[in-house]
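Presented below is the structure to which this report refers.
What you see below is based on every heavy atom in this structure, not just the backbone, and it leaves out hydrogens, waters and symmetry mates.
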Amino acid sequence: MTSQFDKVRTRIAPSPTGFLHLGTARTALYSWAYARHHGGEFVLRIEDTDVARSTQDSVDQIIAAMNWLGLSYDEGPIYQMQRLDRYQAVIEQLIAEGKAYHCYATPAELDAMREAQRARGEKTLYDRRWRPEPGKLLPVPPEGVKPVVRFANPVDGDVTWDDVVKGSITINNREIDDLIIARADGVPTYNFAVVVDDWDMRISHVFRGDEHVNNTPWQINIFNALGAPLPAFGHLPIILGDDGLKLSKRRGAVSVMDYAANGYLPEAMLNYLARLGWSHGDDELFSAAQMVSWFDGSHLSKSPAQWDPAKLDWVNGHYVKQIDETRLAELAVVQLAAQGIAVTLEQVQPKVGLFKERCATVAALAGWLAMYFAPVAPSAEDRAAHVTDAVRPALAMLAERLAALTEWSKSGIQQALKDTLAATGLKMPQLAVPVRVLVCGRTQTPSLDAVLEHFEQKKVLDRLQST
Ligand code: GLU
């Protein structure tokens, strides 16, 4: 860390134009873990200068997702739109110092400028026509045109930084032009507001997606123009979908809270996101606390990460098996409610242990539990294949024996199954599979006596008789 900062401070700066995207969640996680590792602070800043697309609902969703993941922040949410006076003051200071200037060029003029540059085979860059220079005669400001403000970028020389992720990056100032830092309506642009904010908020380390690499030279120049200490930058490579294309809404869920709704656990999501671009030896399964103790900014990957739903399921399945059963049951109650099945914790809790080993998600667990609380609908194929005329007498016999049980217990059910097998000469699967089809709506379950024990006796009898 550079000595200009007295402690590590990181931030996440989402634009509230939708839910918390998986990529932003990963950036938030790394920023949070880095701050926590160093005993520093983590700030939530809401970049809401795109007024038309920003909503409070998005802010609420972003905060809900951060809370769900357990990414606690020490300051914020700080809203950029509440800081307009501050940006305005800094812009005026830059103009007064000759480091920024008004530009009255119209969109049509700029189009014509770029057209001419293209015709000459040049890079299309703003030609600095409104930039004051010693001895230069500026055009007369047109009547009634509100100017934008441009930053007077250095015209030459290199901008270099040692990226925490990508290593040394150098861009020549001839490659970039005089950036607009305030629009005609006075609202600052991203590249300017972000610098003033990072400066005011004493951000020591900026982690963000690598789509911002190209913005960093401008930002560094603005930091320098302001005499502000330069944070370290770390640009995280993009996350690719399992089809090798950029992860996007069109290719499956990209919202963190969609995963919550679909029965993923926050500790699994955190663990999985952590590994998307960072490693600690061969460790695949670890807690947030372990990650914090390891996350020192090293071992960040330069290459794109690949979203792997099967691996996420594996990680999630690990935590489904591991977490406290009461919590698991509470989550299953919520999942069942989402499927329109209202149940109590008392009804669900005794059953989760029987199925959790088989479940990658709480939604899958709810899928198992539903058979206890809602009608099952065995498929026609399963009925035809397993509930055959040959087995019907045995099913009737089993139903009779089960009906005769005075105590509905696993051992009693097991005895009824055994007696039926002995009397009919069938093998266990020949009897158990049709019972599963009729009672559970599927051909495979954990041990049948254990599964049946959790039903009400009457429900089992009714379903057995529904042949
Ligand atoms: N609002 C920007 C984004 O969501 C923040 C970029 C930054 O962290 O500087 O991409």
Side-chain angles (χ1 to χ4, degrees), residues 320-321 325-326 328-329 332-333 335-360 362-467:
V320 165
K321 291 176 196 69
E325 271 188 17
T326 305
L328 188 57
V333 168
Q335 280 291 330
L336 285 162
Q339 295 175 21
I341 302 171
V343 284
T344 63
L345 185 61
E346 291 66 38
Q347 287 175 296
V348 165
Q349 183 143 9
K351 303 177 178 62
V352 299
L354 194 51
F355 299 101
K356 66 176 187 179
E357 297 291 328
R358 303 175 171 239
C359 297
V362 186
L365 178 61
W368 280 104
L369 298 172
M371 66 184 172
Y372 290 103
F373 309 108
V376 289
S379 71
E381 298 86 74
D382 281 347
R383 275 180 179 274
H386 302 291
V387 189
T388 57
D389 286 343
V391 84
R392 264 181 238 281
L395 289 170
M397 191 186 291
L398 175 68
E400 236 172 79
R401 289 183 202 279
L402 291 175
L405 289 179
T406 48
E407 194 201 333
W408 186 248
S409 67
K410 190 171 152 180
S411 59
I413 295 165
Q414 194 179 58
Q415 199 54 53
L417 284 163
K418 278 193 182 147
D419 290 348
T420 307
L421 295 179
T424 57
L426 293 175
K427 296 264 175 280
M428 184 55 118
Q430 293 171 296
L431 180 62
V433 175
V435 172
R436 288 185 170 111
V437 169
L438 291 171
V439 179
C440 310
R442 51 175 101 206
T443 56
Q444 291 183 351
T445 70
S447 173
L448 187 56
D449 48 2
V451 170
L452 294 184
E453 185 196 17
H454 287 288
F455 277 98
E456 291 141 33
Q457 186 173 15
K458 180 171 181 320
K459 197 171 268 182
V460 173
L461 300 178
D462 288 350
R463 289 185 184 176
L464 280 180
Q465 275 143 21
S466 69
T467 61

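Under the side-chain hydrogen bond (donor to acceptor under 3.5 Å, both in side chains) test applied with Glu325, the options Lys351, Gln349, Lys356 reduce to a single match, Lys356.
With respect to Asp389 and Arg392, a salt bridge is recorded, a charged nitrogen being found less than 4.0 Å from a carboxylate O.
Around the NZ atom of Lys418, the shell of radius 6.0 Å holds no more than 12 heavy atoms that belong to other residues, nucleotides or ligands.
Taking CD of Gln415 as the start and NZ of Lys410 as the end, the distance is 14.0 Å to the nearest 0.5 Å. One finds the CZ atom of Phe455 at 12.5 Å from the CG atom of Leu402 (value rounded to the nearest 0.5 Å). Interatomic distance, CE of Met371 versus CZ of Arg463, reported as 8.5 Å (0.5 Å rounding). Going from atom OG1 of Thr326 over to atom CG of Leu345 covers 6.5 Å, rounded to the nearest 0.5 Å. Taking CD of Glu400 as the reference point, atom CG of Asp419 lies at 12.5 Å (rounded to 0.5 Å). In this structure, CG in Leu431 is found 13.0 Å from NE2 in His386, a value given to the nearest 0.5 Å.
Listed here is the closest heavy atom pair of Ala394 and Thr424: CB-CG2, 3.8 Å. Nearest heavy atom pair, residue Ala450 against residue Leu354, reads O-CD2, 3.5 Å. In terms of heavy atoms, Ala423 sits closest to Met397 at CB-SD, 3.7 Å. Of all non-hydrogen atoms in Pro446 and Arg436, the two that sit nearest each other are O-NH2, 3.5 Å. In terms of heavy-atom proximity, Ala364 sits nearest to Ala360 at CB-N, 4.4 Å. Shortest non-hydrogen contact noted between Ala332 and Ala366 is O-CB, 4.4 Å.
With contacts defined as side-chain heavy-atom distances shorter than 4.5 Å, the pair Val435/Leu452 qualifies. For the pair Leu448 and Gln414, the minimum side-chain heavy-atom distance is 4.5 Å or more. With contacts defined as side-chain heavy-atom distances shorter than 4.5 Å, the pair Glu357/Lys321 qualifies.
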inquiry  = Applying side chain to side chain contact (heavy atoms under 4.5 Å, CB included) to Thr420 and Arg401, what does each step give before you reach the verdict?
reply    = CA-CA 8 Å; Thr420 307; Arg401 289 183 202 279; 3.4 Å; yes

task = List the steps, then state whether side chain to side chain contact (heavy atoms under 4.5 Å, CB included) holds for Arg383 with Ser466.
result = CA-CA 11 Å; Arg383 275 180 179 274; Ser466 69; 4.2 Å; yes

request  = For the pair Val376 and Val439, evaluate side chain to side chain contact (heavy atoms under 4.5 Å, CB included) and give the outcome as yes or no after the intermediate values.
outcome  = CA-CA 7 Å; Val376 289; Val439 179; over 6 Å; no

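With sequence neighbours left out, Thr406 forms a side chain to side chain contact (heavy atoms under 4.5 Å, CB included) with no residue at all. Residues satisfying the side chain to side chain contact (heavy atoms under 4.5 Å, CB included) test with Val343, not counting sequence neighbours, are Val333, Leu336, Ile341, Gln347, Val348, Phe373.
Taking the six-membered ring where tryptophan is involved, the planes of Trp368 and Phe355 are essentially parallel, since the angle between them stays under 30° and well short of 60°.
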